[in-house]
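See structure below.
The shown structure was predicted, so the numbers you read here are calculated from the model rather than taken from an experiment. A, B, ... follow the sequence lines: proteins, then strands. Residue 1 opens every chain.
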Amino acid sequence: MTIFLQSLLSGVLIGGAYALIGVGLTIIFGVMRIINFAHGDLVMLGMYASYFLFTLGNVDPFVSIIFVFPLLFLFGAILQKTVINKVLNALPQNQILLTIGIGLILSNTMMLLFTSDYRIISTTYSSGSFRLGEISVSTPLLLSFVITAAVTAVLYWFLLKTDTGQAIRATAQDRDAAQLMGVNVKRMSVLATGIGAGLAAVAGSLISPTYYIFPQVGQPFTLKAFVIVVLGGMGSVMGATVGGVLIGATESLAGAYISSGLKDLVVYVLFLLILLFKPAGLFGKSRV
Amino acid sequence: MLQIENLDFSYGDLQVLWGISLQVNQGEIVTVLGANGAGKSTTLKNVSRLVRPSRGTITFDGADLGKLESHQVVEMGLVQVPEGRRIFPEMTVLENLRMGSFIKSTRPDRQRNIERAFTLFPRLAERQKQLGGTLSGGEQQMLAIGRGLMTNPRLMLLDEPSLGLSPLFVKNIFEIIKEINKQGTTILLVEQNVFQSLRISHRAYVLETGRVVLSGTGEELLGNEHVKKAFLGA
Ligand SMILES: Nc1ncnc2c1ncn2[C@@H]1O[C@H](COP(=O)(O)OP(=O)(O)OP(=O)(O)O)[C@@H](O)[C@H]1O
Ligand SMILES: [Mg+2]
């Protein structure tokens with residue numbers, strides 16, 4: 001029972017960051033119908049940004065998100081305006097090639113600039129933990145989860161309560177109808193990409209105290225985010241939130257009970273099973 | 001108010017509009033009649049800038065729409081209630097209405113406009129928390145019109161608002177259109193329900209395979225032999 005609770009808790013805590021990554025991907029997909037295969041590399045950029053802010057500027061990685069979000073928002077927005085926007089009406093395979101290419105350019109540029117050395121952020125709490133009865137709770141994971149929850153809450157507020165947030169959802173639900181209501185959908189695409197990139201990078205910052213940081217660290221996150229988004233229903237923010245936590249928990253439990261080498265396999269098998277029975281994902285339709 | 005001149009349009013290689021010219025004056029209800037595939041929706045899409053014509057000009061209050069994007073046309077006071085209603089399915093009735101007042105100049109009037117929509121369509125008030133996608137066809141049409149009115153339009157384009165509605169609803173929708181016109185909004189209506197639409201129209205055009213073949217006042221066309229044969233089955 002202790003093992004179960006222990007792995008469930010760790011899984012849920014890391015799942016918070018997965019959720020943030022998945023939510024970013026699903027917002028980009030919702031508004032533009034493009035799957036961003038460079039998404040994991042944006043997570044990587046967030047990790048590096050926090051790393052340098054920490055080592056050069058002595059900024060705590062959890063505090064660094066207030067710089068990392070706007071920085072990567074801008075990066076995502078510029079990326080959309082300059083390249084992604086050009087393939088909005090292109091064939092799907094061309095869109096896929098473009099975003100995969102962007103991802104490769106990002107990771108290889110980082111390798112050229114900073115080598116493929118593994119880097120770590122060692123804060124005072126990096127390996128800290130405290131006990132909750134029989135269970136040990138990792139301090140950085142808990143902190144990251146709490147911040148994730150707060151960021152998610154702000155995002156939901158933005159999407160549900162502000163005019164711009166509503167316009168992003170409207171564009172995702174019916175692009176033409178949104179235009180007919182006076183929404184500048186080009187602007188919404190730029191915004192959505194910025195937000196998606198910002199969220200991915202914030203997730204990277206939040207996990208940076210507990211991960212090795214290197215140029216290729218992002219790629220597994222792309223695949224994970226894709227699984228989360230399909231699982232939650234393409235375009236559904238709510239689905240990606242739940243999907244992220246679910247994947248985190250599954251991974252962690254599979255690691256504890258089956259084998260840590262097979263945990264990814266278990267995730268994908270579960271993914272295929274759910275798709276078999278619920279092809280539209282767990283949350284095919286939801287308000288956000 | 002709206003002036004379309006010599007409009008040509010093609011989907012790829014397939015030309016579907018051939019030199020369409022028509023005009024809507026301030027205060028009028030103008031109807032465009034035509035069978036399925038005649039090019040009615042395509043004409044409205046050109047006006048709303050969802051597609052770009054290959055030739056011809058469209059002006060609204062004297063301003064050329066040629067360089068504008070869809071959202072800018074809305075800001076000028078020209079709104080379209082599209083065919084198939086196009087409600088945002090995962091938004092509530094209230095959120096759908098709110099989307100109608102997205103453009104900044106209409107936001108101060110939001111509350112007043114919501115109340116106006118609820119007065120016009122009391123059913124929407126009862127359903128305000130319900131998701132758009134779960135409404136009946138008639139309710140969705142009310143919502144689509146209500147949402148369009150939220151933009152404070154001076155000219156409203158309505159694409160087959162009576163399509164798929166029960167006879168009772170159909171009568172109701174035409175009454176509402178007349179009422180909206182009375183309250184000061186000019187109407188360009190696209191319809192296949194010839195009798196009902198001509199009854200409320202000041203003028204009308206008949207479209208056949210992408211060309212204007214007839215025009216006149218509502219009464220003239222109601223009495224026209226060609227219209228009777230083609231549309232009224234007489
Ligand atoms: N997206 C599209 N791509 C290619 N052809 C199209 C497209 N939309 C419409 N068409 C064609 O253009 C012609 C005009 O279509 P349009 O939708 O304007 O007709 P309509 O008068 O609105 O008909 P309906 O009464 O059925 O709505 C039709 O022949 C149709 O098949
Ligand atoms: Mg049509």
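Ion pair D163(A)/R110(B) flagged as a salt bridge, since at least one NZ, NE, NH1 or NH2 atom sits closer than 4.0 Å to an Asp/Glu carboxylate oxygen.
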Run the side-chain contact (heavy atoms from CB on, under 4.5 Å) test on M91(B) and R169(A) for me, step by step, so that the C-alpha distance in whole Å, both residues' side-chain angles and the decisive distance to 0.1 Å come before the verdict.
CA-CA 8 Å; M91(B) 284 189 174; R169(A) 286 164 57 215; 3.7 Å; yes

Quick one, Q179(A) with R49(B), criterion side-chain contact (heavy atoms from CB on, under 4.5 Å). Give me CA distance, side-chain angles, the key distance, then yes/no.
CA-CA 9 Å; Q179(A) 298 196 63; R49(B) 312 294 297 155; over 6 Å; no

side-chain contact (heavy atoms from CB on, under 4.5 Å) for M181(A) and M150(B)? Distances and angles first, verdict last.
CA-CA 9 Å; M181(A) 290 302 110; M150(B) 297 288 298; over 6 Å; no

Does L180(A) form a side-chain contact (heavy atoms from CB on, under 4.5 Å) with H71(B)? I'd like the steps, not just the answer.
CA-CA 6 Å; L180(A) 292 179; H71(B) 65 96; over 6 Å; no

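Using a 4.5 Å cut-off between heavy atoms, E95(B) touches chain A through backbone and side chain atoms alike.
The minimum heavy-atom distance between G182(A) and F102(B), with the atom names listed, is O-CD2, 3.7 Å. Between K161(A) and R98(B) the shortest heavy-atom distance is O-NH2, 3.4 Å.
Note on Q72(B), E75(B), R107(B): by heavy-atom pairs under 4.5 Å with chain A, the leading option is R107(B). Interface remark: of the candidates D176(A), T164(A), L160(A), D176(A) forms the most heavy-atom pairs closer than 4.5 Å to chain B.
By the 6.0 Å contact criterion, CD on Q26(B) is open, its count of non-hydrogen atoms from other residues, nucleotides or ligands being 12 or less. No more than 12 heavy atoms of other residues, nucleotides or ligands lie within 6.0 Å of CG in N89(A), so this atom counts as exposed by the packing criterion. Heavy atoms from other residues, nucleotides or ligands lying under 6.0 Å from CZ of R33(A) number more than 12.
Distance check: M99(B) CE to Q173(A) CD gives 9.5 Å after rounding to the nearest 0.5 Å.
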